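Being a predicted model, the structure only gives us computed values, none of them experimental. Convention: sequence-line order gives letters A, B, ...; per-chain numbering from 1. Only heavy atoms go into these numbers, but all of them, side chains included; no hydrogens, no water, no symmetry mates.
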There are 2 protein chains.
Amino acid sequence: MATNATRARALSAREERAWDGYRRMQSLLSSQLNRQLIQETGLSHADYAILSALLAAPDHRLRGLALRCEVQWEKSRLSHHLGRMQTRGLVLREDCVEDSRGAVFRLTEAGRAAVEAASDDRVAAVRTYLLDLLTPDQLDALSEISGAVLARLAQDDPHRRAVAELARGV
Amino acid sequence: MATNATRARALSAREERAWDGYRRMQSLLSSQLNRQLIQETGLSHADYAILSALLAAPDHRLRGLALRCEVQWEKSRLSHHLGRMQTRGLVLREDCVEDSRGAVFRLTEAGRAAVEAASDDRVAAVRTYLLDLLTPDQLDALSEISGAVLARLAQDDPHRRAVAELARGV
DNA sequence: AAGACCCGGTTGACGCGTCAACCATAACGC
DNA sequence: GCGTTATGGTTGACGCGTCAACCGGGTCTT
């Protein structure tokens with residue numbers, strides 16, 4: 001390690017400014033959104049991701065694998081988190097009939113109520129701290145930037161390729 | 001909770017696209033950069049932040065408080081993390097003479113070597129997965145977007161105001 | 001000078017995320 | 001059919017991040 005042959009070009013002022021801004025924004029924005037969500041709804045960003053995936057699913061049930069694809073988590077993370085959510089009564093684990101090693105997770109009534117209550121706060125917060133601050137041009141610029149970055153990331157990880165392409169509408 | 005009077009406007013297609021892209025990018029990009037940094041240098045993103053702040057400081061020493069301002073962490077997080085870094089030999093804790101409740105943290109020789117070795121990989125990774133993918137216009141757009149968001153965040157938290165203003169060159 | 005309050009920093013508990021090991025079942029090769 | 005391998009999911013250990021409580025030394029008021 002640390003024996004790379006090529007020395008990386010230093011950052012230009014413009015690059016420095018962009019990177020520093022992005023870094024700062026991402027760190028503060030995500031903590032702000034997460035804190036606010038937890039405070040107002042009792043759900044973490046992670047909870048919300050799971051619950052809204054389940055909400056969108058037919059019959060509010062999803063195979064573990066499908067859920068994993070949806071949120072792009074490691075399987076152990078998903079398992080741990082679903083365990084905790086189950087004890088909180090947000091979610092229910094059932095056995096899978098097609099594949100008896102599999103598991104199916106279902107939204108409980110409490111879980112459904114929680115996401116639905118939260119989604120509004122969520123949208124409002126995202127508006128307040130991001131979307132409403134940007135011009136239409138900036139919104140588009142942001143989409144294009146993320147598109148480029150996601151495409152590059154997908155290049156390294158074939159697993160993610162489908163996801164990124166889907167996001168770009170390919 | 002969840003009893004807000006006003007229902008938030010739903011997202012337009014453009015907003016939806018921007019938010020979804022940003023969310024995905026931020027999640028995958030930060031995990032990619034962090035994983036890569038750890039793998040190649042043995043330092044986490046958090047370690048790197050601390051060490052580079054110390055490296056930039058005169059005499060490679062910084063008051064706990066100053067360090068906290070620099071990285072914008074909760075004090076307990078800083079304390080815990082510095083404790084771990086100390087046992088790893090990256091950093092050294094000394095008593096403060098001006099204020100005997102205070103603490104001063106110093107970069108060890110090993111710590112200095114580690115950051116310096118890492119900084120190159122760091123820059124290369126940031127180029128690969130972000131900066132080199134963007135046009136100059138996009139770099140500027142990113143700076144402006146983060147500027148707007150940071151300004152909004154600062155508005156809520158007076159503590160952060162100085163930092164954001166500094167970042168915008170006010 | 002004494003008490004109240006403030007502030008820098010630490011501690012402990014707890015939920016989270018990752019890694020590696022593991023278990024059970026399914027799919028494959030023969 | 002039987003052994004092998006691949007796969008869906010769980011578990012345990014460990015480092016991390018947050019919250020709330022705490023400690024001890026400054027500071028301010030009177």
Side-chain angles (χ1 to χ4, degrees), chain A residues 26-28 30-39 42-51 61-106 159, chain B residues 26-28 30-39 42-51 61-106 159:
Chain A
Q26 104 78 355
S27 139
L28 295 183
S30 75
S31 73
Q32 168 70 29
L33 289 180
N34 201 33
R35 183 172 29 245
Q36 188 162 332
L37 187 65
I38 289 179
Q39 200 165 346
L43 298 179
S44 72
H45 173 68
D47 298 327
Y48 187 78
I50 296 287
L51 292 177
R61 320 157 96 269
L62 227 43
R63 214 26 220 288
L65 187 56
L67 198 43
R68 219 156 76 219
C69 276
E70 201 69 33
V71 297
Q72 294 275 305
W73 287 359
E74 315 238 330
K75 57 182 178 176
S76 71
R77 176 180 179 186
L78 186 64
S79 183
H80 282 303
H81 202 85
L82 283 172
R84 286 175 231 127
M85 289 179 77
Q86 197 174 357
T87 72
R88 290 200 283 153
L90 296 170
V91 123
L92 213 61
R93 194 213 129 105
E94 301 168 345
D95 287 339
C96 179
V97 279
E98 301 93 12
D99 185 339
S100 40
R101 0 171 229 186
V104 176
F105 297 91
R106 186 159 52 89
H159 279 304
Chain B
Q26 104 78 0
S27 141
L28 295 183
S30 76
S31 73
Q32 169 70 30
L33 289 180
N34 201 33
R35 182 171 33 244
Q36 187 161 334
L37 187 64
I38 290 179
Q39 200 165 347
L43 298 178
S44 71
H45 173 67
D47 299 327
Y48 187 78
I50 296 287
L51 292 177
R61 320 158 98 265
L62 228 43
R63 220 17 226 289
L65 187 57
L67 197 44
R68 219 156 76 220
C69 277
E70 200 70 33
V71 296
Q72 295 273 306
W73 289 358
E74 314 238 331
K75 56 184 180 175
S76 70
R77 176 180 180 187
L78 187 65
S79 184
H80 280 134
H81 202 87
L82 284 171
R84 287 174 231 129
M85 290 180 75
Q86 196 173 358
T87 72
R88 290 200 282 153
L90 295 170
V91 122
L92 214 62
R93 193 211 130 104
E94 301 168 347
D95 289 337
C96 179
V97 281
E98 299 94 9
D99 186 338
S100 38
R101 358 166 233 192
V104 176
F105 297 91
R106 188 158 51 87
H159 279 304

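When each of A:Glu98 and B:Arg68 is assigned the nucleotide of DNA chain C with its nearest heavy atom, B:Arg68 is the one assigned upstream, toward the 5' end.
In this structure, A:Arg93 and A:Gly102 approach most closely via the heavy-atom pair NH2-O, 4.1 Å. Taking each heavy atom of A:Gly42 and A:Asp47 in turn, the nearest pair found is O-OD2, 4.3 Å.
The nearest whole Å value for the distance from the NE2 atom in B:His81 to the P atom in C:dT11 is 16 Å. Atoms CG (B:Leu82) and P (D:dG17) sit 12 Å apart, rounded to a whole Å. Atom-to-atom, CG of A:Leu43 to P of C:dC16 comes out at 11 Å; the value is rounded to the nearest Å. B:Asp95 has its CG atom 11 Å from the P atom of D:dG25, to the nearest Å. Following rounding to the nearest Å, B:Gln86 (CD) and C:dG9 (C1') show an atom-to-atom distance of 13 Å. When the P atom of D:dG9 is taken as reference, atom CH2 of A:Trp73 falls 15 Å away, rounded to whole Å. To the nearest angstrom, P of C:dC16 lies 7 Å from CG of A:Asp47. In this structure, the CG atom of A:Leu67 is 9 Å from the P atom of D:dG9, given to the nearest Å.
In the set D:dT18, D:dT10, C:dC16, the nucleotide with an atom closest to the side chain of A:Phe105 is D:dT10. Distances from the side chain of A:Arg77 to the nucleotides C:dT18, C:dT25, D:dG26 place C:dT18 closest. Closest approach to the B:Ala103 side chain among C:dG9, D:dG9, D:dG25 is made by C:dG9 (side chain taken as heavy atoms from C-beta onward).
Using a 4.5 Å cut-off on side-chain heavy atoms (C-beta onward), A:Phe105 and A:Ile50 make no contact.
Using modelled atom types and a 3.5 Å distance limit, the side chains of A:Asn34 and A:Ser31 yield no donor-acceptor pair.
Not one side-chain nitrogen or oxygen of B:Arg84 sits closer than 4.0 Å to the OP1 or OP2 atom of D:dC14. Using a 4.0 Å cut-off, no side-chain N or O of B:Ser79 falls inside it from OP1 or OP2 of C:dT11.
Nucleic acid contact for A:Ser76: base, since at least one base atom lies under 4.0 Å from a heavy atom of the residue.
Note that NE2 of B:His81 and OG of B:Ser44 are 4.5 Å apart. Values are rounded to the nearest 0.5 Å.
Judged by distance alone, with hydrogens and angles left aside, A:His80 brings a side-chain donor or acceptor within reach of the base of C:dT18, the pair sitting under 3.5 Å. On a pure distance criterion of 3.5 Å, a polar donor-acceptor pair joins the side chain of A:Arg101 and the base of D:dT7.
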